[in-house]
Amino acid sequence: MKRVVFPLFLILTGVNVFFSSWSVLNGDISWISDIARDMFLLKEIEQKTIVLIGPRASGNMFHGPLWSYLNYPGYVIGSGNPVVAGWYWIFLIILFLVASFVIAKRLFNRNTAMLFVLMTSLYLAFHANEMFHPYGAMFLLPIFFYFFVRYAETDNIRFLVYHLLTGGAIVQFEIAIGVPFLILSIVFSLVVALKKNNPKHLLVFFIIPAVLANFILFDVRHEFILTKNALRHLGTSASNTYLLDLVRDRVMAILTKIEFLRFGPPNGQFYSMVVFIAFTCFQIVNKIHRKTYIIFLCFFLGYFSLTLFNRYHLLTFYIFPLIPFVFLIFSSFITSVFKRAFLFIFLIMYGLNLVGLYTYIRSLDVFIGKDQYSWKAVFAAAQTAFEGEEKEFGYFIYSPDILGYGPRYAMEYARKVNNKNGFAFEKKPVTYLLIEPPARDNPFTSEEKWKLYQIHIYSEPVMVKTFENGYKLEKHLLTDDQLTVPFDPGINPGLHYR
């Protein structure tokens with residue numbers, strides 16, 4: 001039986017990675033605004049080499065540039081092709097799964113490692129076609145935890161160094177997750193060092209300013225804008241929201257938003273969390289890996305406690321990166337005295353998630369090349385503008401969210417692969433308008449208002465092509481008088497709002 005288990009584990013993991021690749025195998029990725037924005041950030045690194053900040057965060061803050069640098073090799077290999085970037089995500093997932101196996105095996109045992117990788121690889125199949133900066137935090141949290149456990153167990157200062165370096169990297173990926181975990185890390189490391197009479201270990205804390213040096217330099221260069229915005233954000237709150245509401249929100253996030261199941265009975269996440277809590281208590285009471293579970297609870301519950309300083313309801317981005325971290329602990333219950341009961345529960349959950357994966361893959365077949373947020377579909381619409389006989393043209397892009405990262409990058413990439421002169425946000429005798437589907441119930445923006453009051457193009461198009469994903473491409477022939485009418489420069493925000 002033991003000879004069969006490991007090959008079966010490899011086969012199942014391979015199947016999960018295969019389905020993670022379903023979108024890129026079909027030449028597509030999910031082209032949401034965050035992904036398109038990241039492609040522009042990668043282009044910025046190509047131009048400048050060194051950048052200090054990454055994507056824009058809540059409260060007019062910024063994440064670090066580490067996710068961009070991590071993905072830069074994929075950008076270079078693919079010459080800016082988003083599908084190649086998607087293949088690079090699959091490569092990162094495989095690296096993460098290998099690291100996850102090693103970590104889980106060292107913390108618990110081989111069986112835990114296999115269950116953890118199976119559970120995580122299946123979960124990532126639902127996410128692999130749209131990865132952005134919070135996934136960097138997701139990849140590092142189990143490693144961050146591992147180094148702290150090793151430090152607490154061995155009192156070896158090098159594990160504390162690795163732990164703090166990893167914590168700083170998590171801040172670079174996602175500040176809303178990294179800052180609370182780094183604060184907890186400092187407090188817990190201080191307790192361990194003083195408890196074991198190692199005050200010299202506290203000198204390692206000087207690593208933290210070094211790993212956050214880009215934020216410090218940016219803040220100094222821009223009159224402490226990050227510090228001011230952070231203090232301003234902490235001083236605001238959602239309207240009609242009280243502390244009790246926020247506590248309730250955090251409790252509900254713990255009980256219902258850890259995605260143990262992607263298919264199953266109503267309230268399945270809640271029942272799964274009840275099982276998780278029960279087994280955690282059993283393990284602590286029976287003194288099986290007791291210290292590891294207590295450390296997990298300190299970080300996990302401590303994180304949700306510190307998020308109360310953010311006086312808003314938690315966004316999805318603040319929760320889903322923690323899910324593999326939870327899966328690591330969940331998989332370790334195979335070490336309990338109730339391991340047969342746990343294995344039975346695990347297999348039921350895994351089977352339900354396989355059903356969810358089947359449903360998801362079928363939905364991708366409807367999405368690929370047809371959806372408003374399909375790269376393949378958006379690029380096909382942009383590519384059409386370069387199929388005309390004109391040697392050069394100008395173009396404008398309408399997007400309800402004003403940023404328009406998705407269609408903007410599609411047009412720029414189409415210009416690159418076609419090696420044809422298309423001038424962004426310029427009026428030419430031949431001018432194309434690439435128009436994103438309209439926003440729902442938004443009275444402040446519309447395609448008509450944009451044409452009349454922002455780009456000031458009043459002519460009737462000589463060609464209109466509507467695509468299956470809702471995009472529309474118009475071709476206008478402008479007279480000399482029409483070319484001289486200026487347009488609102490604010491329609492091209494660049495990366496200013498990142």
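All of these numbers come straight from a predicted model, not from anything done at the bench.
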Expected list for residues 86-97: side-chain donor-acceptor pairs under 3.5 angstrom, two or more places apart:
{"unit_1": "Tyr88", "atom_1": "OH", "unit_2": "Leu70", "atom_2": "O", "d": "2.9"}
{"unit_1": "Trp89", "atom_1": "NE1", "unit_2": "Asn71", "atom_2": "OD1", "d": "3.2"}

All N/O donor-acceptor pairs, side-chain side in residues 169-179, below 3.5 Å, sequence neighbours left out:
{"unit_1": "Gln172", "atom_1": "OE1", "unit_2": "Asn214", "atom_2": "ND2", "d": "3.1"}
{"unit_1": "Gln172", "atom_1": "NE2", "unit_2": "Val211", "atom_2": "O", "d": "2.9"}
{"unit_1": "Gln172", "atom_1": "NE2", "unit_2": "Asn214", "atom_2": "OD1", "d": "2.6"}
{"unit_1": "Glu174", "atom_1": "OE1", "unit_2": "His133", "atom_2": "ND1", "d": "3.4"}
{"unit_1": "Glu174", "atom_1": "OE2", "unit_2": "Ala176", "atom_2": "N", "d": "3.2"}

When the side chains of residues 348-359 are checked against the rest of the protein, which donor-acceptor pairs come out under 3.5 Å, sequence neighbours left out?
{"unit_1": "Tyr350", "atom_1": "OH", "unit_2": "Asn16", "atom_2": "ND2", "d": "3.1"}
{"unit_1": "Asn353", "atom_1": "OD1", "unit_2": "Arg262", "atom_2": "N", "d": "2.7"}
{"unit_1": "Asn353", "atom_1": "ND2", "unit_2": "Phe260", "atom_2": "O", "d": "3.0"}
{"unit_1": "Asn353", "atom_1": "ND2", "unit_2": "Met349", "atom_2": "O", "d": "3.3"}
{"unit_1": "Thr359", "atom_1": "OG1", "unit_2": "Val355", "atom_2": "O", "d": "3.2"}

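The minimum heavy-atom distance between Asn469 and Ala377, with the atom names listed, is ND2-CB, 3.5 Å. Minimum interatomic distance between Glu474 and Val464 (heavy atoms only, all atoms of both residues): CG-CG2, 4.0 Å. Heavy-atom minimum distance, His313 versus Leu246: CD2-CD2, 4.2 Å. Smallest separation of non-hydrogen atoms from Glu390 and Lys420: O-CE, 2.7 Å. The minimum heavy-atom distance between Ile45 and Ser68, with the atom names listed, is CD1-CB, 3.5 Å. The two atoms that bring Gly80 and Pro82 nearest to each other are O-CD, 3.2 Å, heavy atoms only.
Within the 4.5 Å cutoff, the side chain of Asn129 has heavy atoms near those of the Leu364 side chain. Using a 4.5 Å cut-off on side-chain heavy atoms (C-beta onward), Asn60 and Ile225 make no contact. Residues Glu392 and Glu426 fail the side-chain proximity criterion, which asks for heavy atoms closer than 4.5 Å. Contact annotation: the side chain of Val430 approaches that of Lys475 to within less than 4.5 Å [non-hydrogen atoms, C-beta and beyond]. Counting heavy atoms from C-beta on, the side chains of Lys451 and Tyr398 never come closer than 4.5 Å. Side chains of Val24 and Ile29 form a contact here, defined as non-hydrogen atoms less than 4.5 Å apart. In this structure the side chain of Thr13 reaches within 4.5 angstrom of the side chain of Leu118, judged on heavy atoms.
Applying the ring pair (Phe, Tyr, Trp, His ring centres under 6.0 Å) test to every pair with at least one member in residues 211-254, sequence neighbours left out, gives these pairs: Phe62-Phe218, Phe218-His222, His233-Tyr312. Among residue pairs with one or both ends in residues 418-437, those qualifying as ring pair (Phe, Tyr, Trp, His ring centres under 6.0 Å) are Phe393-Tyr432; sequence neighbours excluded. Residue pairs meeting the ring pair (Phe, Tyr, Trp, His ring centres under 6.0 Å) criterion with at least one member in residues 467-493, sequence neighbours excluded: Phe396-Phe487.
Taking the ring pair (Phe, Tyr, Trp, His ring centres under 6.0 Å) definition, one finds that Tyr395 meets it with nothing, sequence neighbours left out. The side chain to side chain donor-acceptor pair (under 3.5 Å) search around Glu436 returns Gln372, Ser399, not counting sequence neighbours. Every residue two or more places apart in sequence or in another chain was checked for a side chain to side chain donor-acceptor pair (under 3.5 Å) with Thr166, and none qualifies. Under the side chain to side chain donor-acceptor pair (under 3.5 Å) criterion, Trp450 pairs with no residue, sequence neighbours left out. By the side chain to side chain donor-acceptor pair (under 3.5 Å) test, Arg250 pairs with Thr307, sequence neighbours left out. Partners of Asp34 according to the salt bridge (charged side-chain N to carboxylate O under 4.0 Å, His left out) rule, which considers only residues two or more places apart in sequence or in another chain, are Arg37.
Residues Phe304 and Phe300 bring their aromatic ring centres within 6.0 Å.
Under the 30°/60° scheme for interplanar angles, the aromatic rings of Trp31 and Tyr409 are found to be tilted. Aromatic ring pairs are classed by plane angle as parallel below 30°, tilted from 30° to 60° and perpendicular above 60°; the pair Phe296 and Phe145 is perpendicular.
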Show, in sequence, the C-alpha distance, side-chain angles and deciding distance for Asn418 and Gln383, and conclude whether the side-chain hydrogen bond (donor to acceptor under 3.5 Å, both in side chains) test is met.
CA-CA 8 Å; Asn418 287 278; Gln383 178 80 348; 2.8 Å; yes

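The ring-ring contact (aromatic ring centres under 6.0 Å, His included) test with His127 is passed by exactly one of Tyr360, Tyr135, Phe132: Tyr135.
Between the side chain of Lys376 and the main chain of Asn26, a donor-acceptor pair closer than 3.5 Å is present.
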